[in-house]
Every structure is written in C-alpha cells, then in structure tokens.
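Residue numbers count from 1 along this sequence.
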Amino acid sequence: QVQLVESGGGSVQAGGSLTLSCAASGYTYSRYRMGWFRQAPGKEREGVASINSVGSTIYADSVKGRFTISQDNAKNTLYLQMNSLKPEDTAMYYCAASKVSLGSIAVSLSSLFYNNWGQGTQVTVSS
C-alpha cells in the first residue's frame with residue numbers, strides 16, 4: 001500500500017517562501033513519477049510540477065522560475081520549494097505518485113497519470 005503524507009503548508013505573505021514535503025512509503029518502483037498538484041476552492045485540480053526516477057522535471061507555466069521540485073531518494077521524500085509566493089498560489093497542495101511503465105510518459109502534470117495521492121496540505125498566501 002503506497003502512502004504519501006504531505007507537510008509544510010501554512011500561511012505566508014505575498015513574496016514569501018514555503019517548502020512542502022511529501023514522505024512516501026510502501027512502494028519500491030524503480031521507474032516512477034511523482035508530482036505536486038493544487039486545487040483552489042471552486043477550481044479544478046491542476047498540476048504544478050513533476051519529477052521522475054531519473055530526475056527529469058516539468059513545471060506549470062504559472063510557477064516556472066518560482067517553484068522547484070526535488071527528491072531525496074535516501075529519505076523517500078519529495079519536496080516543493082516555493083518562492084515569491086502570490087495570492088493566486090493559495091490552494092490545497094497534493095503529492096501524487098505512480099509507477100512508470102516502459103514506453104509511458106516519464107513526467108506529467110495530468111492527474112490521469114497518477115494513482116496514488118496524499119491527503120493534502122493547505123497553503124494560504126495573503127496580499
């Protein structure tokens with residue numbers, strides 16, 4: 001059973017920074033993708049950043065240059081460093097993971113490619 005537990009959310013002022021963490025357990029995929037998604041009230045869930053088992057990354061245009069996704073394989077932990085936060089970044093942030101089959105897309109911002117999800121951590125950015 002794959003378990004993903006997010007932490008690090010909170011309330012900050014615009015321009016501030018936060019680092020989200022996602023502790024993963026219960027899987028030993030040699031080929032995988034992991035991602036961060038967010039969902040604001042009344043809006044659809046959107047992909048923020050994705051990383052795969054060889055370190056390839058992809059970012060949503062809205063966060064490029066401000067957010068950085070990274071992973072510590074020794075700790076089985078995924079991170080999202082968020083800088084220059086804006087009020088529009090306010091949302092529940094979710095960690096997601098899935099196995100990557102040979103020939104499949106390595107990184108993706110589409111929730112369709114993920115089948116394991118955490119419970120989320122709230123990020124609130126005030127102006």
Side-chain angles (χ1 to χ4, degrees):
Q1 178 96 18
V2 177
Q3 281 196 317
L4 303 172
V5 180
E6 302 96 335
S7 62
S11 296
V12 296
Q13 289 192 328
S17 298
L18 280 175
T19 299
L20 305 183
S21 299
C22 172
S25 62
Y27 74 93
T28 55
Y29 306 144
S30 59
R31 296 167 54 89
Y32 62 84
R33 66 173 72 83
M34 296 192 76
W36 288 100
F37 291 77
R38 66 186 182 187
Q39 187 167 19
K43 295 188 177 181
E44 292 187 357
R45 187 171 296 190
E46 64 171 341
V48 174
S50 174
I51 189 168
N52 69 358
S53 47
V54 296
S56 298
T57 59
I58 188 173
Y59 295 91
D61 288 343
S62 59
V63 306
K64 278 182 183 176
R66 299 189 298 123
F67 291 11
T68 303
I69 189 171
S70 62
Q71 59 190 348
D72 185 331
N73 292 329
K75 296 181 178 180
N76 288 333
T77 301
L78 180 73
Y79 301 99
L80 185 68
Q81 174 68 44
M82 305 185 295
N83 298 325
S84 303
L85 283 162
K86 304 175 181 180
E88 50 263 44
D89 295 318
T90 295
M92 184 71 78
Y93 282 71
Y94 298 90
C95 171
S98 67
K99 180 180 179 180
V100 174
S101 301
L102 194 63
S104 179
I105 296 174
V107 288
S108 176
L109 298 179
S110 171
S111 61
L112 297 176
F113 287 95
Y114 297 85
N115 57 0
N116 298 287
W117 294 85
Q119 294 300 307
T121 185
Q122 178 68 37
V123 171
T124 302
V125 184
S126 58
S127 58

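Of all non-hydrogen atoms in Ser17 and Gln81, the two that sit nearest each other are CB-NE2, 4.0 Å. Considering every non-hydrogen atom in both Ala14 and Pro87, the closest pair reads CB-CD, 4.1 Å. Between Cys95 and Leu78, the shortest heavy-atom distance links the atoms SG-CD2, 3.9 Å.
Linking Ile, Leu, Val, Met, Phe, Trp and Tyr whenever their side-chain heavy atoms come within less than 4.5 Å leaves Ile58 and Val63 in two separate clusters. Criterion: ILVMFWY side-chain heavy atoms under 4.5 Å apart, direct or through other members. Under it, Val123 and Phe67 are part of a common hydrophobic cluster. Linking Ile, Leu, Val, Met, Phe, Trp and Tyr whenever their side-chain heavy atoms come within less than 4.5 Å puts Met34 and Ile69 in one cluster. When hydrophobic clusters are built by joining Ile, Leu, Val, Met, Phe, Trp and Tyr residues whose side-chain heavy atoms come closer than 4.5 Å, directly or via intermediates, Leu18 is grouped together with Val48. Leu4 and Tyr32 end up in the same hydrophobic cluster when Ile, Leu, Val, Met, Phe, Trp and Tyr side chains are linked at under 4.5 Å.
Although no hydrogens or angles enter the test, the distance criterion places a donor-acceptor pair under 3.5 Å between the side chain of Arg66 and the main chain of Ser84. Glu46 contributes no side-chain N or O that, together with a main-chain N or O of Leu109, makes up a donor-acceptor pair within less than 3.5 Å. Checking side-chain atoms of Glu6 against main-chain N and O of Gln119 turns up a donor-acceptor pair under 3.5 Å. A donor-acceptor contact shorter than 3.5 Å links the side chain of Trp36 to the backbone of Tyr79. When atom types are taken as modelled, the side chain of Arg45 and the backbone of Tyr94 share no donor-acceptor pair closer than 3.5 angstrom. When atom types are taken as modelled, the side chain of Tyr93 and the backbone of Gly8 share no donor-acceptor pair closer than 3.5 angstrom.
With Arg33 as reference, Ser98 is the one residue of Ser50, Ser108, Ser98, Ser53 to meet the side chain to side chain donor-acceptor pair (under 3.5 Å) rule.
Taking the six-membered ring where the residue is Trp, the centroids of Trp117 and Phe37 are separated by under 6.0 Å.
With respect to Asp89 and Lys86, no salt bridge is recorded, no charged nitrogen being found less than 4.0 Å from a carboxylate O.
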> Given the rule in the side chain to side chain donor-acceptor pair (under 3.5 Å) test, do Ser126 and Gln13 qualify, once you have shown the distances and angles that lead to the verdict?
Replying inline: CA-CA 5 Å; Ser126 58; Gln13 289 192 328; 4.9 Å; no
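Other residues, nucleotides and ligands contribute more than 12 heavy atoms inside 6.0 Å of the CD atom of Gln122. Annotation: Glu88, atom CD; neighbour count of heavy atoms from other residues, nucleotides and ligands within 6.0 Å is above 12.
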